[in-house]
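Every value quoted in this text rests on a predicted model; they were computed, and no experiment measured them.
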Amino acid sequence: MVKNRKPIIAGNWKMYKTASEALTFVRELQSAVSGNEDVEVVVCPPFNALVPVVEALRGIGIAVGAQNVHWEEQGAFTGEISPGMLKDAGCRYVIIGHSERRQFFGETDANVNRKVKAVLQHDLTPVMCVGELLSEREDGITEKVVRDQIEAGLEGLTPGQVAGMVIAYEPVWAIGTGKTASDADAQQVIGFIRGLVSKLFGEETAAQVRIQYGGSVKPQNTASLMAQPDIDGALVGGASLDVESFTGIIKAAAGN
Ligand code: 13P
């Protein structure tokens, strides 16, 4: 089956790499993936490295994303960063609602929704993360958990806004554990998400929104995940920190 959505492979570096390490990485990445037109590539460095990485990648065709954002334009919010600041830094994407933010920093669905709306106002593309805990999967409530996160996170958006976004399905038990969801399990939940988007925002929106899988993605498991009809790319943690493995993932997603 031919998908008409361009696959998107994003590296979420989490709290790794100094600015100089980031620059070395993107210079090597650039030569390793040059000429690739089939896959959209994004790197999401920590805040310290955003501006230098944007500058190093100018005109190269690799986009830059941030890992978090606040929903206010500016103000007395110590330690936070605004959508306008990220736009000004040259970001195109913003990861919102990653499970580590939900688990360790009290991020709620309501906050995720505020952040999604705020970044859209600045013409940035949200990468909204959803996913169940191991206990929730074992209790058989994966679809309910994901449905609640999607409905709340996308609340009040227009079909056009949702169509241009990226959603990342990251089962929490698969993150950093080496335990990837099986191709069938990942497809099952991502297909469910697409069906839900269709119900909420219409078929056309569901056909356009890109939905990534995340959780222990490696070069060896990328091709079969990407072959699933509803999986449009990957949000990669650990394996995105190394040029060789990240390049391997990009090449596997491009089918070579
Ligand atoms: P790993 O690829 O290290 O499992 O992390 C996935 C992730 O959290 C990406 O956002």
Review point. In Å, rounded to the nearest 0.5 Å, how long is the span from CD1 of Ile62 to CZ of Arg58?
Key: 14.0 Å
Practice item. Starting from the C-alpha separation in whole Å, work towards a yes-or-no answer on side chain to side chain contact (heavy atoms under 4.5 Å, CB included) for Thr247 and Glu28. Key: CA-CA 10 Å; Thr247 306; Glu28 286 174 25; over 6 Å; no
Point to revise | Atom of Cys44, atom of Gln67 and distance for their closest heavy-atom approach | key: O-NE2, 2.9 Å
Check your understanding: Atom OH in Tyr213, atom CG in Asp232: separation rounded to 0.5 Å?
Key -> 15.0 Å
**Study point:** Under 3.5 Å donor-acceptor, Thr24 side chain and Ser20 backbone
**Key:** yes
Practice item. State, to 0.1 Å, how close Ala56 and Val26 come at their nearest heavy-atom pair, and which atoms those are. Key: CB-CG2, 4.0 Å
Practice item. Establish, from distance only, whether the side-chain atoms of Gln149 and Tyr169 form a donor-acceptor pair under 3.5 Å. Key: no
Check your understanding: When the ring planes of Phe77 and His70 are compared, do they come out parallel, tilted or perpendicular, using 30° and 60° as the limits?
Key -> tilted
**Study point:** Side-chain heavy atoms of Ile96 within contact of Asn68, under 4.5 Å
**Key:** no
Review point. Can you find a pair of side-chain heavy atoms, one from Ile175 and one from Glu100, that are under 4.5 Å apart?
Key: yes
Review point. In terms of heavy-atom contacts, does CD of Glu80 have more than 12 from other residues, nucleotides or ligands at under 6.0 Å?
Key: yes
**Study point:** Asp242 (side chain) donor-acceptor with Ala239 (main chain) under 3.5 angstrom
**Key:** no
Exercise for review: Determine whether Thr108 and Arg102 make a side-chain contact, defined as any pair of heavy atoms from C-beta on separated by less than 4.5 Å.
Suggested key: no
Practice item. Keeping the roles fixed (side chain from Trp13, backbone from Ser240), state whether a donor-acceptor pair exists under 3.5 Å. Key: yes
Exercise for review: Find out if a path of hydrophobic residues (ILVMFWY) with successive side-chain heavy-atom gaps under 4.5 Å connects Leu196 to Val130.
Suggested key: yes
Check your understanding: Taking Ser82 for the side chain and Glu73 for the main chain, is one N or O donor matched with an acceptor at less than 3.5 Å?
Key -> yes
Exercise for review: Answer yes when Lys251 and Asp38 have at least one side-chain N-carboxylate O distance shorter than 4.0 Å, and no when they do not.
Suggested key: no
Review point. With the 4.5 Å side-chain cut-off for hydrophobic clustering, are Leu57 and Ile9 part of the same group?
Key: yes
Review point. Does some side-chain heavy atom of Leu225 sit less than 4.5 Å from a side-chain heavy atom of Thr180?
Key: yes
Practice item. Could you grab the distance from atom NE2 of His122 to atom SG of Cys91, nearest 0.5 Å is fine? Key: 12.5 Å
Exercise for review: Give the minimum heavy-atom separation between Val209 and Arg194, together with the two atoms involved.
Suggested key: O-NH1, 2.8 Å
Review point. Are Thr125 and Val94 close enough, and set up right, to give a side chain to side chain contact (heavy atoms under 4.5 Å, CB included), and what steps lead you there?
Key: CA-CA 6 Å; Thr125 303; Val94 186; over 6 Å; no
Practice item. Mind checking the CG-CG spacing from Asp139 to Leu133? Nearest 0.5 Å is all I need. Key: 10.0 Å
Check your understanding: How close do Ile231 and Ala186 get, heavy atom to heavy atom, and via which atoms?
Key -> CD1-CB, 3.8 Å
Review point. Is there a path from Tyr93 to Leu154 through hydrophobic residues (I, L, V, M, F, W, Y) whose side chains come within less than 4.5 Å of each other?
Key: no
Exercise for review: Please name the pair of heavy atoms, one in Ala174 and one in Ala181, separated by the smallest distance, quoted to 0.1 Å.
Suggested key: CB-N, 4.3 Å
Point to revise | Glu132 with Lys144: basic N within carboxylate O range, under 4.0 Å | key: no
Exercise for review: Verify the neighbour count for atom CD of Glu203: are there more than 12 heavy atoms of other residues, nucleotides or ligands below 6.0 Å?
Suggested key: no
Point to revise | Cluster overlap Val53 with Leu235, hydrophobic side-chain contacts below 4.5 Å | key: no
Exercise for review: Could you give me the CA-CA distance, side-chain angles and deciding distance for Ile249 and Val217, then say whether side chain to side chain contact (heavy atoms under 4.5 Å, CB included) is met?
Suggested key: CA-CA 8 Å; Ile249 290 169; Val217 173; 4.1 Å; yes
Exercise for review: Mind checking the CD-CG spacing from Gln30 to Asn36? Nearest 0.5 Å is all I need.
Suggested key: 13.0 Å
Point to revise | Whether over 12 other heavy atoms sit under 6.0 Å from Phe192 CZ | key: yes
Review point. Are any side-chain N or O atoms of Arg5 and backbone N or O atoms of Ala207, one a donor and one an acceptor, separated by less than 3.5 Å?
Key: yes
Point to revise | Residue pair Val64 / Pro45: nearest heavy atoms and the distance that separates them | key: CG1-CD, 3.9 Å
Practice item. For side chain to side chain contact (heavy atoms under 4.5 Å, CB included), just list the numbers for Thr205 and Ser198, CA-CA rounded to whole Å, side-chain angles, deciding distance to a tenth of an Å, and then say yes or no. Key: CA-CA 7 Å; Thr205 299; Ser198 177; over 6 Å; no
Review point. With a 4.5 Å heavy-atom cut-off, do Ile167 and Ile190 have their side chains touching?
Key: no
Review point. Are side-chain heavy atoms of Val42 and Ile8 found at a separation under 4.5 Å?
Key: yes
Check your understanding: Are any non-hydrogen side-chain atoms of Phe201 and Thr158 less than 4.5 angstrom apart?
Key -> no
Review point. Lys117 and Asn113: side-chain donor and acceptor closer than 3.5 Å?
Key: yes
Practice item. Would you kindly say whether Gln103 and His98 are connected by a side-chain donor-acceptor distance under 3.5 Å? Key: no
Review point. Does one hydrophobic cluster hold both Val146 and Ile141, with members joined at side-chain heavy-atom distances below 4.5 Å?
Key: no
Review point. Is Asp230 paired with Lys3 through a side-chain N to carboxylate O contact shorter than 4.0 Å?
Key: no
Review point. Are any of the side-chain heavy atoms of Lys6 and Val39 separated by less than 4.5 Å?
Key: no
Exercise for review: Verify salt bridge (Lys or Arg N to Asp or Glu O under 4.0 Å) between Glu72 and Arg114, making sure each step is shown before the conclusion.
Suggested key: CA-CA 9 Å; Glu72 293 287 350; Arg114 284 191 193 108; over 6 Å; no
**Study point:** Euclidean distance, Leu241 CG relative to Glu21 CD, rounded to 0.5 Å
**Key:** 10.0 Å
